[in-house]
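Counting starts at 1 for both ligands and their atoms, following the listed order.
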Amino acid sequence: MISAQAPGKLYIAGEYAVVEPGYPAIIVALNQFVTVTIETSRDYGRIASKQYQENSLYWQRQGTELVFDNRDNPFHYILSAIHLTEQYAQTLGKPLSIYHLNVNSELDSADGKKYGLGSSAAVTVATVKALCQFYDIPMSQDRLFKLAAIAHLDVQGNGSLGDIAASVYGGWIAYQAFDRDWLASARRELSLEQLLDTQWPGLQIELLTPPEPLRLMIGWTGTPASTSHLVDKIALFKATRRKDYHTFLRESRECLQRMIDGFHHQDLNAIQTEIAVNRQLLNHLAHLSHVTIETTLLKTMCDIAEHVGGAAKSSGAGGGDCGIVIINAAKDLAHLLTEWEARGIEPLKLNVHHVIE
Ligand code: PMV
Ligand code: MG
(Lines give C-alpha, C1' and ligand atoms only; values in the text may rest on other atoms or scores of the structure.)
(Ligands and ions follow the chains in the order given, each with its own letter.)
Protein backbone atom coordinates (compact mmCIF):
# COMPACT_ATOMS: atom_id res chain seq x y z
CA MET A 1 0.00 0.00 0.00
CA ILE A 2 1.16 3.53 -0.88
CA SER A 3 0.96 6.19 1.84
CA ALA A 4 1.83 9.90 1.89
CA GLN A 5 1.41 12.65 4.46
CA ALA A 6 1.22 16.43 4.29
CA PRO A 7 1.14 18.83 7.27
CA GLY A 8 -1.30 21.59 8.09
CA LYS A 9 -0.22 25.20 8.47
CA LEU A 10 -0.73 28.41 10.35
CA TYR A 11 -0.24 31.98 9.12
CA ILE A 12 2.03 34.02 11.37
CA ALA A 13 1.82 37.39 9.54
CA GLY A 14 1.25 39.09 6.19
CA GLU A 15 -2.27 37.80 5.56
CA TYR A 16 -4.40 39.29 2.76
CA ALA A 17 -1.44 41.26 1.35
CA VAL A 18 0.17 37.93 0.43
CA VAL A 19 -2.65 37.27 -2.04
CA GLU A 20 -0.86 39.79 -4.29
CA PRO A 21 2.48 38.81 -5.87
CA GLY A 22 5.41 40.68 -4.30
CA TYR A 23 3.91 40.89 -0.78
CA PRO A 24 5.42 38.45 1.75
CA ALA A 25 3.83 36.40 4.51
CA ILE A 26 5.35 34.18 7.18
CA ILE A 27 3.77 30.76 7.57
CA VAL A 28 4.60 27.65 9.62
CA ALA A 29 3.85 23.98 9.03
CA LEU A 30 2.35 22.10 11.99
CA ASN A 31 2.66 18.51 13.12
CA GLN A 32 -0.95 17.66 12.26
CA PHE A 33 -1.27 15.72 9.05
CA VAL A 34 -3.50 14.57 6.27
CA THR A 35 -2.59 11.03 5.22
CA VAL A 36 -3.56 9.61 1.84
CA THR A 37 -3.24 5.88 1.15
CA ILE A 38 -3.72 4.23 -2.21
CA GLU A 39 -4.11 0.56 -3.10
CA THR A 40 -4.72 -1.02 -6.47
CA SER A 41 -8.19 -2.21 -7.23
CA ARG A 42 -9.43 -4.40 -10.07
CA ASP A 43 -12.86 -3.30 -11.21
CA TYR A 44 -13.90 -0.06 -9.50
CA GLY A 45 -12.16 2.73 -7.61
CA ARG A 46 -13.25 4.37 -4.37
CA ILE A 47 -12.39 7.68 -2.70
CA ALA A 48 -13.20 7.66 0.99
CA SER A 49 -12.53 9.55 4.20
CA LYS A 50 -13.78 9.08 7.76
CA GLN A 51 -13.73 12.82 8.36
CA TYR A 52 -15.37 13.98 5.14
CA GLN A 53 -18.56 11.92 5.24
CA GLU A 54 -21.19 14.39 6.20
CA ASN A 55 -20.21 17.38 4.18
CA SER A 56 -22.85 19.94 3.52
CA LEU A 57 -23.04 21.66 0.14
CA TYR A 58 -23.41 25.40 -0.31
CA TRP A 59 -25.38 26.64 -3.27
CA GLN A 60 -26.89 29.80 -4.68
CA ARG A 61 -29.69 30.18 -7.19
CA GLN A 62 -28.89 31.70 -10.57
CA GLY A 63 -32.24 31.75 -12.35
CA THR A 64 -33.33 28.15 -12.77
CA GLU A 65 -29.90 26.74 -11.87
CA LEU A 66 -28.51 25.68 -8.50
CA VAL A 67 -24.92 26.86 -8.47
CA PHE A 68 -22.66 25.05 -6.00
CA ASP A 69 -19.80 26.58 -4.06
CA ASN A 70 -17.29 23.72 -3.94
CA ARG A 71 -14.54 25.69 -2.26
CA ASP A 72 -15.13 24.38 1.26
CA ASN A 73 -15.65 20.77 0.18
CA PRO A 74 -12.48 18.66 0.56
CA PHE A 75 -13.57 16.11 -2.04
CA HIS A 76 -13.21 18.68 -4.80
CA TYR A 77 -9.56 19.28 -3.84
CA ILE A 78 -8.94 15.52 -3.92
CA LEU A 79 -10.57 15.20 -7.35
CA SER A 80 -8.66 18.17 -8.73
CA ALA A 81 -5.35 16.78 -7.38
CA ILE A 82 -6.10 13.39 -8.99
CA HIS A 83 -7.02 15.04 -12.28
CA LEU A 84 -3.80 17.04 -12.49
CA THR A 85 -1.47 14.31 -11.31
CA GLU A 86 -2.97 11.84 -13.79
CA GLN A 87 -2.63 14.40 -16.56
CA TYR A 88 1.04 14.71 -15.61
CA ALA A 89 1.44 10.89 -15.42
CA GLN A 90 0.07 10.64 -18.95
CA THR A 91 2.57 13.16 -20.32
CA LEU A 92 5.28 10.89 -18.84
CA GLY A 93 3.77 7.88 -20.61
CA LYS A 94 2.64 6.14 -17.41
CA PRO A 95 -0.29 3.72 -17.86
CA LEU A 96 -3.23 4.80 -15.65
CA SER A 97 -4.95 2.31 -13.36
CA ILE A 98 -7.77 1.79 -10.87
CA TYR A 99 -7.33 2.26 -7.10
CA HIS A 100 -8.92 2.88 -3.75
CA LEU A 101 -7.81 6.19 -2.30
CA ASN A 102 -8.35 6.76 1.40
CA VAL A 103 -7.94 10.06 3.25
CA ASN A 104 -7.38 10.41 6.97
CA SER A 105 -7.18 13.94 8.31
CA GLU A 106 -5.96 15.03 11.75
CA LEU A 107 -6.82 18.58 10.69
CA ASP A 108 -10.54 17.90 10.85
CA SER A 109 -11.15 16.19 14.17
CA ALA A 110 -13.58 13.27 14.41
CA ASP A 111 -16.14 15.32 16.34
CA GLY A 112 -16.46 17.69 13.39
CA LYS A 113 -14.27 20.49 14.78
CA LYS A 114 -12.57 22.51 12.09
CA TYR A 115 -9.50 24.31 13.39
CA GLY A 116 -8.71 26.20 10.20
CA LEU A 117 -5.24 24.66 9.91
CA GLY A 118 -5.24 24.34 6.14
CA SER A 119 -6.87 20.97 5.54
CA SER A 120 -7.72 21.72 1.89
CA ALA A 121 -4.08 22.51 1.09
CA ALA A 122 -2.76 19.52 3.02
CA VAL A 123 -5.25 17.15 1.38
CA THR A 124 -4.23 18.46 -2.05
CA VAL A 125 -0.50 18.04 -1.33
CA ALA A 126 -0.93 14.58 0.23
CA THR A 127 -3.04 13.37 -2.73
CA VAL A 128 -0.49 14.57 -5.32
CA LYS A 129 2.35 12.99 -3.28
CA ALA A 130 0.59 9.64 -2.87
CA LEU A 131 -0.41 9.40 -6.53
CA CYS A 132 3.11 10.26 -7.69
CA GLN A 133 4.40 7.39 -5.57
CA PHE A 134 1.67 5.14 -6.93
CA TYR A 135 2.61 5.94 -10.52
CA ASP A 136 6.31 5.91 -9.70
CA ILE A 137 6.91 9.56 -10.62
CA PRO A 138 9.86 11.26 -8.90
CA MET A 139 8.85 14.62 -7.37
CA SER A 140 10.94 17.55 -6.22
CA GLN A 141 9.48 20.01 -3.69
CA ASP A 142 9.34 22.64 -6.44
CA ARG A 143 7.27 20.44 -8.77
CA LEU A 144 5.07 19.21 -5.93
CA PHE A 145 4.32 22.81 -4.99
CA LYS A 146 3.45 23.71 -8.58
CA LEU A 147 1.18 20.71 -9.24
CA ALA A 148 -0.63 21.09 -5.90
CA ALA A 149 -0.94 24.87 -6.37
CA ILE A 150 -2.63 24.47 -9.76
CA ALA A 151 -4.95 21.77 -8.40
CA HIS A 152 -5.89 23.95 -5.43
CA LEU A 153 -6.35 27.09 -7.52
CA ASP A 154 -8.67 25.22 -9.90
CA VAL A 155 -11.10 24.70 -7.00
CA GLN A 156 -10.67 27.77 -4.79
CA GLY A 157 -10.03 30.28 -7.56
CA ASN A 158 -8.48 32.81 -5.16
CA GLY A 159 -5.88 32.90 -2.41
CA SER A 160 -2.10 33.06 -2.24
CA LEU A 161 -1.33 29.30 -2.13
CA GLY A 162 0.93 30.02 0.85
CA ASP A 163 -0.74 27.12 2.67
CA ILE A 164 0.43 24.77 -0.12
CA ALA A 165 4.00 26.11 0.22
CA ALA A 166 3.95 25.57 4.01
CA SER A 167 2.63 22.04 3.54
CA VAL A 168 5.32 21.18 0.95
CA TYR A 169 8.38 22.86 2.51
CA GLY A 170 7.57 22.56 6.25
CA GLY A 171 9.17 24.59 9.05
CA TRP A 172 8.95 28.40 9.04
CA ILE A 173 8.83 30.03 5.62
CA ALA A 174 8.68 33.52 4.11
CA TYR A 175 6.42 33.20 1.09
CA GLN A 176 5.57 35.42 -1.87
CA ALA A 177 2.86 34.39 -4.31
CA PHE A 178 3.43 33.87 -8.02
CA ASP A 179 1.51 35.97 -10.53
CA ARG A 180 -1.83 34.19 -11.03
CA ASP A 181 -2.59 36.08 -14.26
CA TRP A 182 0.71 34.87 -15.68
CA LEU A 183 -0.17 31.30 -14.71
CA ALA A 184 -3.57 31.55 -16.41
CA SER A 185 -1.94 32.60 -19.72
CA ALA A 186 0.98 30.20 -19.34
CA ARG A 187 -1.45 27.31 -18.93
CA ARG A 188 -2.88 28.09 -22.34
CA GLU A 189 0.55 28.30 -23.98
CA LEU A 190 2.67 25.65 -22.23
CA SER A 191 2.35 21.91 -21.69
CA LEU A 192 2.08 20.75 -18.09
CA GLU A 193 5.64 19.47 -18.21
CA GLN A 194 6.97 22.80 -19.51
CA LEU A 195 4.91 24.61 -16.88
CA LEU A 196 6.54 22.60 -14.08
CA ASP A 197 10.01 23.27 -15.52
CA THR A 198 9.49 27.02 -15.87
CA GLN A 199 10.34 29.51 -13.16
CA TRP A 200 7.07 31.06 -12.00
CA PRO A 201 7.33 34.87 -11.89
CA GLY A 202 6.96 36.29 -8.40
CA LEU A 203 7.15 32.97 -6.54
CA GLN A 204 9.57 33.15 -3.60
CA ILE A 205 9.95 30.68 -0.79
CA GLU A 206 12.64 31.19 1.85
CA LEU A 207 13.16 28.90 4.86
CA LEU A 208 13.47 30.87 8.11
CA THR A 209 15.11 29.91 11.40
CA PRO A 210 13.35 31.33 14.47
CA PRO A 211 15.51 32.67 17.31
CA GLU A 212 16.14 30.16 20.12
CA PRO A 213 13.87 31.72 22.79
CA LEU A 214 10.88 32.12 20.42
CA ARG A 215 7.83 30.17 21.49
CA LEU A 216 4.73 29.89 19.32
CA MET A 217 1.35 29.46 21.01
CA ILE A 218 -1.93 28.81 19.27
CA GLY A 219 -5.35 29.70 20.65
CA TRP A 220 -8.47 28.21 19.08
CA THR A 221 -11.70 30.19 19.26
CA GLY A 222 -14.01 27.27 18.51
CA THR A 223 -15.67 29.13 15.64
CA PRO A 224 -14.87 28.04 12.08
CA ALA A 225 -14.41 30.67 9.35
CA SER A 226 -14.44 30.46 5.56
CA THR A 227 -11.20 31.83 4.11
CA SER A 228 -12.49 31.90 0.52
CA HIS A 229 -15.50 34.07 1.47
CA LEU A 230 -13.37 36.48 3.50
CA VAL A 231 -10.83 36.81 0.66
CA ASP A 232 -13.73 37.53 -1.75
CA LYS A 233 -14.91 40.34 0.54
CA ILE A 234 -11.46 41.95 0.64
CA ALA A 235 -11.33 41.66 -3.18
CA LEU A 236 -14.54 43.74 -3.30
CA PHE A 237 -12.89 46.33 -1.06
CA LYS A 238 -9.87 46.36 -3.38
CA ALA A 239 -12.10 47.14 -6.35
CA THR A 240 -13.82 50.10 -4.69
CA ARG A 241 -11.06 51.58 -2.49
CA ARG A 242 -7.89 51.18 -4.55
CA LYS A 243 -5.86 53.81 -2.72
CA ASP A 244 -6.58 52.50 0.78
CA TYR A 245 -5.94 48.99 -0.42
CA HIS A 246 -2.54 49.92 -1.83
CA THR A 247 -1.58 51.73 1.35
CA PHE A 248 -2.38 48.55 3.26
CA LEU A 249 -0.28 46.49 0.84
CA ARG A 250 2.73 48.77 1.14
CA GLU A 251 2.59 48.95 4.94
CA SER A 252 2.19 45.19 5.21
CA ARG A 253 5.22 44.62 2.98
CA GLU A 254 7.37 47.01 5.02
CA CYS A 255 6.25 45.35 8.25
CA LEU A 256 6.98 41.86 6.90
CA GLN A 257 10.41 42.90 5.60
CA ARG A 258 11.33 44.13 9.08
CA MET A 259 9.93 40.92 10.58
CA ILE A 260 11.93 38.73 8.18
CA ASP A 261 15.04 40.76 9.06
CA GLY A 262 14.21 39.96 12.69
CA PHE A 263 14.49 36.26 11.79
CA HIS A 264 17.77 36.86 9.94
CA HIS A 265 19.18 38.66 13.00
CA GLN A 266 17.64 36.19 15.49
CA ASP A 267 15.98 39.17 17.15
CA LEU A 268 12.87 38.09 19.06
CA ASN A 269 12.00 41.66 20.14
CA ALA A 270 11.94 42.87 16.54
CA ILE A 271 9.69 39.97 15.50
CA GLN A 272 7.30 40.69 18.38
CA THR A 273 7.19 44.41 17.57
CA GLU A 274 6.24 43.64 13.96
CA ILE A 275 3.58 41.09 15.00
CA ALA A 276 1.93 43.93 16.92
CA VAL A 277 2.27 46.25 13.90
CA ASN A 278 0.76 43.63 11.59
CA ARG A 279 -2.16 43.20 14.02
CA GLN A 280 -2.84 46.95 13.80
CA LEU A 281 -2.60 46.92 9.99
CA LEU A 282 -5.10 44.07 9.73
CA ASN A 283 -7.43 45.78 12.21
CA HIS A 284 -7.29 48.92 10.11
CA LEU A 285 -8.04 46.95 6.93
CA ALA A 286 -10.96 45.29 8.74
CA HIS A 287 -12.29 48.68 9.81
CA LEU A 288 -12.08 50.18 6.30
CA SER A 289 -13.56 47.14 4.55
CA HIS A 290 -16.21 46.24 7.18
CA VAL A 291 -14.88 42.68 7.20
CA THR A 292 -14.55 41.10 10.65
CA ILE A 293 -11.00 39.76 10.87
CA GLU A 294 -10.30 40.00 14.61
CA THR A 295 -13.49 38.77 16.28
CA THR A 296 -14.30 39.73 19.89
CA LEU A 297 -12.87 36.44 21.12
CA LEU A 298 -9.69 36.84 19.04
CA LYS A 299 -9.29 40.33 20.50
CA THR A 300 -9.67 38.96 24.05
CA MET A 301 -7.12 36.26 23.28
CA CYS A 302 -4.58 38.77 21.94
CA ASP A 303 -5.11 41.27 24.75
CA ILE A 304 -4.52 38.56 27.39
CA ALA A 305 -1.34 37.45 25.63
CA GLU A 306 -0.03 41.02 25.29
CA HIS A 307 -0.67 41.54 28.99
CA VAL A 308 1.94 38.89 29.86
CA GLY A 309 4.52 40.14 27.35
CA GLY A 310 3.50 38.16 24.27
CA ALA A 311 2.85 39.54 20.80
CA ALA A 312 -0.42 38.25 19.38
CA LYS A 313 -2.75 38.50 16.39
CA SER A 314 -5.39 36.65 14.46
CA SER A 315 -3.99 33.98 12.15
CA GLY A 316 -4.93 33.66 8.49
CA ALA A 317 -8.16 35.17 7.28
CA GLY A 318 -9.49 35.53 10.84
CA GLY A 319 -13.23 35.76 11.47
CA GLY A 320 -12.77 32.87 13.94
CA ASP A 321 -10.41 29.88 13.75
CA CYS A 322 -7.09 30.50 15.55
CA GLY A 323 -4.93 33.29 16.89
CA ILE A 324 -1.18 33.10 17.43
CA VAL A 325 1.12 34.32 20.18
CA ILE A 326 4.87 34.84 19.87
CA ILE A 327 6.39 34.87 23.33
CA ASN A 328 9.73 34.35 25.06
CA ALA A 329 9.95 30.69 26.12
CA ALA A 330 11.22 31.80 29.54
CA LYS A 331 7.90 33.51 30.39
CA ASP A 332 5.51 31.90 32.84
CA LEU A 333 2.32 30.98 31.01
CA ALA A 334 0.14 29.95 33.94
CA HIS A 335 -1.79 33.23 34.09
CA LEU A 336 -2.36 33.38 30.33
CA LEU A 337 -3.64 29.81 30.24
CA THR A 338 -6.11 30.28 33.09
CA GLU A 339 -7.40 33.50 31.53
CA TRP A 340 -7.80 31.81 28.14
CA GLU A 341 -9.63 28.89 29.69
CA ALA A 342 -12.00 31.22 31.54
CA ARG A 343 -12.92 32.87 28.21
CA GLY A 344 -13.34 29.60 26.30
CA ILE A 345 -10.10 29.81 24.30
CA GLU A 346 -8.46 26.43 23.76
CA PRO A 347 -4.65 26.29 23.49
CA LEU A 348 -3.69 23.87 20.70
CA LYS A 349 -0.60 21.95 21.77
CA LEU A 350 1.00 21.56 18.36
CA ASN A 351 4.58 21.87 17.20
CA VAL A 352 6.21 23.13 14.05
CA HIS A 353 6.84 20.33 11.55
CA HIS A 354 10.12 20.23 9.61
CA VAL A 355 10.28 18.41 6.29
CA ILE A 356 13.37 16.26 5.77
CA GLU A 357 13.92 15.83 2.04
O1 PMV B 1 -7.51 31.49 7.12
P2 PMV B 1 -6.31 30.82 6.54
O3 PMV B 1 -5.43 30.22 7.61
O4 PMV B 1 -6.68 29.82 5.47
O5 PMV B 1 -5.37 31.90 5.86
C6 PMV B 1 -5.77 32.76 4.82
C7 PMV B 1 -4.71 33.79 4.52
C8 PMV B 1 -5.09 34.85 3.49
O9 PMV B 1 -3.93 35.64 3.26
C10 PMV B 1 -6.19 35.76 4.02
C11 PMV B 1 -5.53 34.24 2.16
C12 PMV B 1 -4.46 33.53 1.38
O13 PMV B 1 -4.80 32.70 0.53
O14 PMV B 1 -3.26 33.81 1.58
MG1 MG C 1 -8.84 30.64 8.67
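H287 and H284 have parallel rings, their planes meeting at less than 30° on a 0 to 90° scale where 60° marks the start of perpendicular. H353 and F33 have perpendicular rings, their planes meeting at more than 60° on a 0 to 90° scale where under 30° would count as parallel. Taking the six-membered ring where tryptophan is involved, the planes of Y99 and Y135 are perpendicular, since the angle between them exceeds 60° and thus also 30°. Taking the six-membered ring where the residue is Trp, F75 and Y52 present perpendicular rings, their angle passing 60° and hence far from 30°.
The count of protein N, O or S atoms under 2.8 Å from the Mg ion (ligand 2) stands at 1, with waters excluded from the count.
A salt bridge links R187 and D154; the closest N-O separation between the charged side-chain nitrogens and carboxylate oxygens is under 4.0 Å. In this structure, E274 pairs ionically with R258, as a charged nitrogen and a carboxylate oxygen lie closer than 4.0 Å.
Listed here is the closest heavy atom pair of S167 and A6: OG-CB, 3.4 Å.
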Which N or O atoms of ligand 1 sit under 3.5 Å from a protein N or O, and how far apart is each pair?
residue, atom, partner, partner atom, Å
ligand 1, 1 (O), T227, OG1, 2.8
ligand 1, 1 (O), A317, N, 2.8
ligand 1, 3 (O), K9, NZ, 3.0
ligand 1, 4 (O), T227, OG1, 2.9
ligand 1, 5 (O), A317, N, 3.4
ligand 1, 9 (O), Y16, N, 2.9
ligand 1, 13 (O), S160, N, 2.8
ligand 1, 13 (O), S160, OG, 3.4
ligand 1, 14 (O), Y11, OH, 3.1
ligand 1, 14 (O), S160, OG, 2.5

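Atom CG of L161 is separated from atom CZ of R180 by 7.5 Å, given to the nearest 0.5 angstrom.
A donor-acceptor pair under 3.5 Å is absent between the side-chain atoms of T85 and the main chain of I82, judged by distance alone.
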